[in-house]
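Let me begin by presenting the structure, written as structure tokens, before commenting on it.
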Amino acid sequence: MTYEPFFLEGQSRASRWLITCDHASNLVPPFVNGGSVGVAPADMERHIAYDIGAAGVARALGAALDAPVIGTNFSRLVIDPNRGEDDPTLVMKLYDGTIIPGNRHVDAAEVEARLNRMHRPYHTALSQIAARRDDTVIVSIHSFTRQLRARPARPWHLALLSAADRRLAEPLLRSLRAEADLCVGDNEPYTGHLPGDAIARHAIAHERPNILIELRNDLIADADAQAAWAARLAPHLTAALDHI
């Protein structure tokens, strides 16, 4: 089979929404160290390798909003598509206490090869699908682990990340915080601005309304939970868009 570095579903869907999933997969393609970065199989199932549950939420949300969905088919341990090409964390050598042996001796030529075979094709495709309409709104789906090693537990069920453009973030935050059973973070556990990341490239640079949604990964661990969260998020997103 021919390797494809990204998946794209629902290209013909009509709405202005575009759903992205930068860390959809924990796959190490066979042309990268024979399909391994030297990390134990158990660690490849952890959040360090991909955003657990995010791809299922993204696909279900795309169906609910009649929106195209694009996501990666490679692990962020190979190369991180949510980092600019000059970001020092583009190819990680240590992540949440786990050494990545396959990246220890990565040189500039290998980074360039990974950029050409995975990172750049994903961003090219994302750029093209985002440009299908003049009024595209980007929703990026991610997940976070409840607790990093030797760190306090995180209290949020989900969090909204945004930069200076808060057109979608503000009404969506109000809507979700009206749900009594939800603990919703605002730019938690990370800030919403990272120069050169996917939102910066495809939303901020084009003045497109956007939001990055982080869901706690233990809450979206199976297909039923992923579908339920997508169904819960869709009306909040629709209502928030009405305020733009």
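The basis for the numbers below is simple: all heavy atoms, side chains too, and nothing from hydrogens, waters or symmetry mates. Keep in mind it's a predicted model, so treat the numbers as computed, not measured.
- Between D181 and H157, every side-chain heavy-atom pair lies at or beyond the 4.5 Å cut-off.
- Here the side chain of T136 pairs a donor or acceptor atom with the backbone of A130 at under 3.5 angstrom.
- The distance from the CD1 atom of I129 to the OG1 atom of T124 is 13.5 Å, given to the nearest 0.5 Å.
- Counting heavy atoms of neighbouring residues, nucleotides and ligands inside a 6.0 Å radius, atom CZ of R133 exceeds 12 of them.
- Between R120 and E85, at least one side-chain N (NZ, or NE/NH1/NH2) sits under 4.0 Å from a carboxylate O, which counts as a salt bridge.
- One finds the CD1 atom of I79 at 10.5 Å from the OG1 atom of T89 (value rounded to the nearest 0.5 Å).
- Distance OG/S175 to CD/E170: 13.0 Å, rounded to 0.5 Å.
- W156 and L160 are assigned to two separate hydrophobic clusters, defined by single-linkage of ILVMFWY side chains at heavy-atom distances under 4.5 Å.
- Annotation: side chain of M44 is in contact with side chain of V28 (closest heavy-atom distance under 4.5 Å).
- Partner of L18 under the side chain to side chain contact (heavy atoms under 4.5 Å, CB included) criterion, chosen from V139, I138, V137: I138.
- For the pair H119 and R114, the minimum side-chain heavy-atom distance is 4.5 Å or more.
- Expressed to the nearest 0.5 Å, how far NE2 of H47 lies from CD1 of I52 amounts to 8.0 Å.
- At a threshold of 4.5 Å between side-chain heavy atoms, the hydrophobic network of Ile, Leu, Val, Met, Phe, Trp and Tyr places F7 and W17 in one connected group.
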Extract all donor-acceptor atom pairs below 3.5 Å that involve side chains of residues 53-69 and protein atoms in other chains or at least two apart in sequence.
unit_1	atom_1	unit_2	atom_2	d
R59	NE	E9	OE2	2.5
R59	NH2	E9	OE2	3.4
D66	OD2	A14	N	3.3

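- A distance of 13.5 Å separates CZ of F6 from OG1 of T20, quoted to the nearest 0.5 Å.
- Linking ILVMFWY side-chain heavy atoms closer than 4.5 Å, directly or via other members, places I204 and L126 in a single hydrophobic cluster.
- For the pair E110 and V91, the minimum side-chain heavy-atom distance is 4.5 Å or more.
- For the residue pair N217 and R146, the shortest heavy atom distance occurs at OD1-N, 4.3 Å.
- Placement of I19 and I220 within a single hydrophobic cluster is found when ILVMFWY residues are connected by side-chain heavy-atom separations under 4.5 Å, directly or transitively.
- Panel note: side chain R76, backbone H23; no donor-acceptor pair is recorded below 3.5 Å.
- Residues Y50 and N26 approach most closely at CD2-CB, 3.4 Å, considering heavy atoms.
- With hydrogens and angles disregarded, no donor-acceptor distance shorter than 3.5 Å links the side chain of N103 to the backbone of K93.
- The shortest side-chain heavy-atom distance between F74 and V32 does not fall under the 4.5 Å cut-off.
- Between L182 and R232, the closest side-chain pair of non-hydrogen atoms falls below 4.5 Å.
- Residues V111 and V37 fall within the same hydrophobic cluster, defined by Ile, Leu, Val, Met, Phe, Trp and Tyr side chains chained together at heavy-atom separations under 4.5 Å.
- Judged purely by distance below 3.5 Å, without hydrogens or angles, the side chains of S25 and T72 never pair a donor atom with an acceptor atom.
- In this structure, N73 and Y3 approach most closely via the heavy-atom pair O-OH, 2.9 Å.
- Legend: side chain to side chain donor-acceptor pair (under 3.5 Å) pairs involving residues 198-214, not counting sequence neighbours, sorted by first then second residue: H123-H202.
- Within the 4.5 Å cutoff, the side chain of D22 has heavy atoms near those of the S140 side chain.
- A cation-pi arrangement, defined by a distance under 6.0 Å to the six-membered ring centre and an angle within 45 degrees of its axis, is present between R117 and F31.
- Closest of all the heavy-atom pairs between Y122 and I70 is CE1-CG1, 3.9 Å.
- Note that CG of L194 is 10.5 Å distant from CG of L161, once rounded to the nearest 0.5 Å.
- Summarising the geometry of L158 relative to F144, their closest heavy-atom pair is CA-CE2, 4.3 Å, with the distance given to 0.1 Å.
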Inset, instruction - In sequence, state the C-alpha distance, the side-chain angles, and the governing distance for V39 and R46, and then conclude on side-chain contact (heavy atoms from CB on, under 4.5 Å). - result: CA-CA 11 Å; V39 171; R46 295 175 59 222; over 6 Å; no
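- Closest approach of L168 to A240, counting heavy atoms only: CD1-CB, 3.8 Å.
- Within the 4.5 Å cutoff, side-chain heavy atoms of S162 are placed close to those of I211.
- Environment of CG in D222: crowded, with over 12 heavy atoms of neighbouring residues, nucleotides or ligands closer than 6.0 Å.
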